[in-house]
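Take a look at the structure set out below.
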Amino acid sequence: MVKIEREEQVRLWRWGMRFFLAGALTACQTPEGSAPFALGYIAAGPGGASLAGAAMGAVLFLDFAKALPFLAVAILIITAAVAFQGTWLLTRPKARALTAAGLFLAVEGVYVLESLDPLARIGPCLAAAGLTGVSAWLFIRLLQRRDEGTAGGMLLGCALLLGASELEILGFSPARTLLCLLLCWNVWGRGPDWGAAAGLGLGLTADLCGLSGGAYTMVFGLSGLLASTQRQRPMAALGFLAGTLAAMLAGGGSILPLLPEASAGMALFLLIPRRVLGGKRERKAIGIAQGQRRQAENPRRGREPSETAQRWRTQLDRAAGAFRELCDSLGKSAPNPGDENPAIIFDRAAEKVCRDCAICDLCWQKEYTGTFNALNDATPYLLERGRVLPKDFPQYFSGRCIHLTDFIAAVNGELSAFLLRRQYRRQLEATRRSARGQYAQLSELLSATAAGLAEEAVPVSGGARCQVGAVVRPREGETVCGDSIDAFQTEQGRWCLLLADGMGSGEPARKESAMTCRLLRQFLEAGIAPDAALKTLNSAMALRSAETGTFSTIDLCVYDPAASEAAFYKFGAAPSYLKKGGVVRRITGHSLPAGLRESPAAPDITRAPLDPGSFAVMVSDGAADPGEDEWLLDLLAGWTGDDPQILASLILHESVRREKLRDDCAIQVLYRPASGARAV
């Protein structure tokens with residue numbers, strides 16, 4: 001008896017969960033009013049509970065015109081499940097998913113064909129059918145507890161949160177906060193292949209479902225990629241926030257409210273007790289340690305990391321290719337915002353008023369030329385004023401028309417619809433151009449990341465040793481320096497020196513330049529190529545400059561010990577100098593500062609060998625005027641020391657004497673010792 005009661009409780013629990021999930025998933029809709037995730041869930045677990053939940057969800061969340069085709073598809077899915085019960089169609093997840101997508105197209109296709117503009121609706125219909133099939137396949141694997149259960153569970157949680165994302169408290173969405181938490185939790189420490197795939201999938205799903213703001217594909221894709229490369233929770237959270245900020249700036253800040261929501265999500269991520277997440281991460285750490293031990297015991301396995309990197313590279317290259325194709329398709333199918341002729345206003349008004357008029361044949365057949373000229377003469381007044389008046393028509397037309405008042409009312413009504421359609425097309429075109437640029441930039445970032453994964457890491461301890469010296473000093477009368485510098489060594493063994501000069505001086509300039517250095521370092525440490533990272537940063541700063549009027553010069557020196565070569569990347573930066581013995585080379589650029597060039601824009605790049613005993617010197621324009629730097633060339637040529645810090649201090653001292661601290665000063669020196677000097 002107890003066993004029967006427990007089985008009944010389990011059965012009721014499962015029935016209630018399917019009822020609730022099917023109803024809740026109905027709230028997650030595309031902009032056209034389809035609910036593909038609810039249909040996918042019904043296809044994954046067909047039954048009366050899921051159908052009843054979907055019916056309840058349709059009543060609560062769907063319009064009557066959208067609820068009818070939705071319930072029709074749901075009933076057809078249940079009917080097909082009953083009709084083909086016990087056949088191969090119900091035993092193969094892909095076949096069931098294709099059946100659900102096909103039934104959706106069969107029903108929605110009728111409404112598309114009967115609409116006024118079927119070509120405009122066929123794309124969203126195919127996208128909703130694809131979401132129905134993909135969600136059905138992943139939900140089936142989730143319910144059957146197969147190996148794709150992780151992806152199915154993530155999709156189920158994301159769909160539920162997307163359905164509740166529009167519920168806001170003082171402009172703050174708890175659902176979007178949990179969405180960021182869910183993504184970071186799933187990609188943390190799992191590698192760039194999983195991070196990029198999960199982030200891009202979630203972002204594309206959010207964009208297709210019309211989540212307010214748009215452009216989530218780039219935001220979640222880059223955030224997931226950066227968070228997945230970190231093994232420590234704080235670094236994963238910082239990587240996620242850095243990716244969110246960079247992608248949002250590159251996207252024009254159109255979804256700026258996501259930043260505080262992402263910050264709250266990362267705070268919750270850091271507050272999750274260790275015992276909740278620790279088990280999975282500890283097992284992964286143990287596996288890594290065991291793999292390292294086996295590597296030490298068996299050196300022949302040394303090619304495995306390269307094979308893994310090659311697999312990641314292939315996947316990222318495929319994702320980059322897909323986004324390039326998407327970018328090209330948006331460019332090819334872009335409509336013309338002004339392709340609709342204003343004459344359609346009078347045509348539609350005449351259909352409503354003149355069709356049953358007693359003198360219709362007189363106006364539109366015998367006197368067609370006069371009618372055409374009268375309407376053509378009234379068109380400029382109509383478009384300029386926003387409405388038409390009786391005086392806008394010639395006397396021979398207004399005196400003859402026996403329904404002039406009704407005709408004018410119909411024309412004004414059609415004009416409102418015409419203006420709304422034109423505004424919608426222009427907004428759609430602007431959104432399409434923005435999305436195309438973002439997809440192109442994301443494709444380039446993925447390609448650059450894939451190229452970086454293919455390179456063998458140079459052990460830091462075995463690479464060429466270098467020394468770095470640096471000094472900064474604010475302009476006269478200021479307490480903080482508006483120039484920012486940074487120096488670090490990447491996992492591949494490359495030395496990176498950054499120098500950013502913010503517009504103006506004082507604290508506002510310091511914040512701008514410090515943010516530039518911080519974001520650029522995040523990109524470089526994530527393995528993104530310097531030119532791709534700088535292009536993305538310039539795009540973001542160009543959008544910021546349009547709103548704030550600020551900009552920053554960027555000077556980047558990357559020394560590759562494997563090639564014994566230094567590469568200088570400049571966005572409006574002052575000249576740099578290469579010194580070996582008494583020979584000094586001046587390296588300049590002609591590009592504008594980051595934030596003043598439209599996207600896409602590449603930096604000036606100069607490559608030069610950095611031999612042992614050589615110095616690479618970077619200065620801001622406050623330290624040496626680019627047009628009057630002969631004194632600096634003479635100083636470098638005559639100096640015979642080998643301490644980069646002393647050289648940086650000497651340049652600053654001479655600059656203060658000559659330039660009188662009229663601007664902020666920043667100096668960085670990289671020295672490659674001629675013999676085994678210790679790196680600092």
Side-chain angles (χ1 to χ4, degrees), residues 192 229 292 295 299 302-303 305-306 308-310 312-313 448-470 485-499 517 520-534 554-570 573 575-581 583-587 589 603-619 636 639 641-648 667-680:
T229 60
Q292 292 174 347
Q295 174 68 23
R303 288 179 294 180
S306 298
T308 302
Q310 182 62 33
W312 289 349
R313 181 189 182 189
T449 304
L453 288 173
E455 300 177 359
E456 294 291 340
V458 179
V460 174
S461 59
R465 297 182 177 90
C466 295
Q467 298 177 1
V468 177
I485 59 175
D486 197 0
F488 58 95
Q489 194 172 12
T490 66
E491 293 182 356
Q492 290 78 25
R494 298 187 182 94
W495 288 84
C496 299
L497 275 67
L498 313 178
L499 192 156
C517 286
L520 184 55
R521 176 168 182 168
Q522 286 274 357
F523 281 124
L524 296 175
E525 289 184 334
I528 297 175
D531 51 347
L534 286 168
I554 301 178
D555 202 356
L556 168 64
C557 174
V558 179
Y559 167 55
D560 186 359
S564 296
E565 181 184 73
F568 295 85
Y569 303 83
K570 292 182 178 294
S576 299
Y577 307 88
L578 275 176
K579 164 186 167 57
K580 183 178 181 183
V583 179
V584 180
R585 176 182 174 182
R586 189 172 186 264
I587 298 175
D604 294 318
I605 305 176
T606 304
R607 304 182 187 276
L610 188 68
D611 299 323
S614 299
F615 293 84
V617 180
M618 303 167 61
V619 300
L636 293 174
W639 192 69
D642 59 0
D643 189 331
Q645 186 61 47
I646 294 178
L647 177 57
I667 303 166
Q668 248 192 144
V669 180
L670 175 69
Y671 173 54
R672 181 183 176 185
S675 58
R678 187 167 183 169
V680 295

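- Of all heavy-atom pairs spanning Pro612 and Ala674, the tightest one is CB-CA, 3.9 Å.
- Rounding to the nearest 0.5 Å gives a distance of 13.5 Å between CG of Asp604 and CZ of Phe568.
- Of all the heavy atoms in Pro673 and Cys466, the pair that sits closest is CD-CA, 4.0 Å.
- Here the closest heavy-atom approach between residue Ile587 and residue Lys570 is recorded as O-CE, 3.6 Å.
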Show the numbers, then the answer: is there a side chain to side chain contact (heavy atoms under 4.5 Å, CB included) between Arg585 and Val583?
CA-CA 7 Å; Arg585 176 182 174 182; Val583 179; 6.0 Å; no
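- The structure places OH of Tyr569 at 4.0 Å from CZ of Arg607, a figure rounded to the nearest 0.5 Å.
- Considering OH of Tyr671 and OG of Ser614, their distance stands at 8.5 Å, rounded to 0.5 Å.
- Within the 3.5 Å criterion, the main-chain N or O of Val468 finds no donor-acceptor partner in the side chain of Gln668.
- Relative orientation of the Phe615 and Trp639 rings is perpendicular, given thresholds of 30° and 60° on the angle between their planes.
- If you take CD1 on Ile667 and CD on Gln645, they are separated by 10.0 Å, rounding to the nearest 0.5 Å.
- The two residues Ala566 and Cys557 have their closest heavy-atom pair at CB-SG, 4.4 Å.
- In this structure, CG on Leu499 lies 9.0 Å from CG on Leu497, to the nearest 0.5 angstrom.
- Formation of a donor-acceptor pair under 3.5 Å by the Gln467 side chain with backbone atoms of Arg672 is not found in this model.
- Between Asp555 and Ser576, some side-chain heavy-atom pair lies under the 4.5 Å cut-off.
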Could you go through the side chain to side chain contact (heavy atoms under 4.5 Å, CB included) check for Leu498 and Leu524 one step at a time?
CA-CA 11 Å; Leu498 313 178; Leu524 296 175; 4.2 Å; yes
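- The closest donor-acceptor contact from the side chain of Lys579 to the backbone of Leu636 lies under 3.5 Å.
- If you take CG on Leu578 and CG on Leu670, they are separated by 9.5 Å, rounding to the nearest 0.5 Å.
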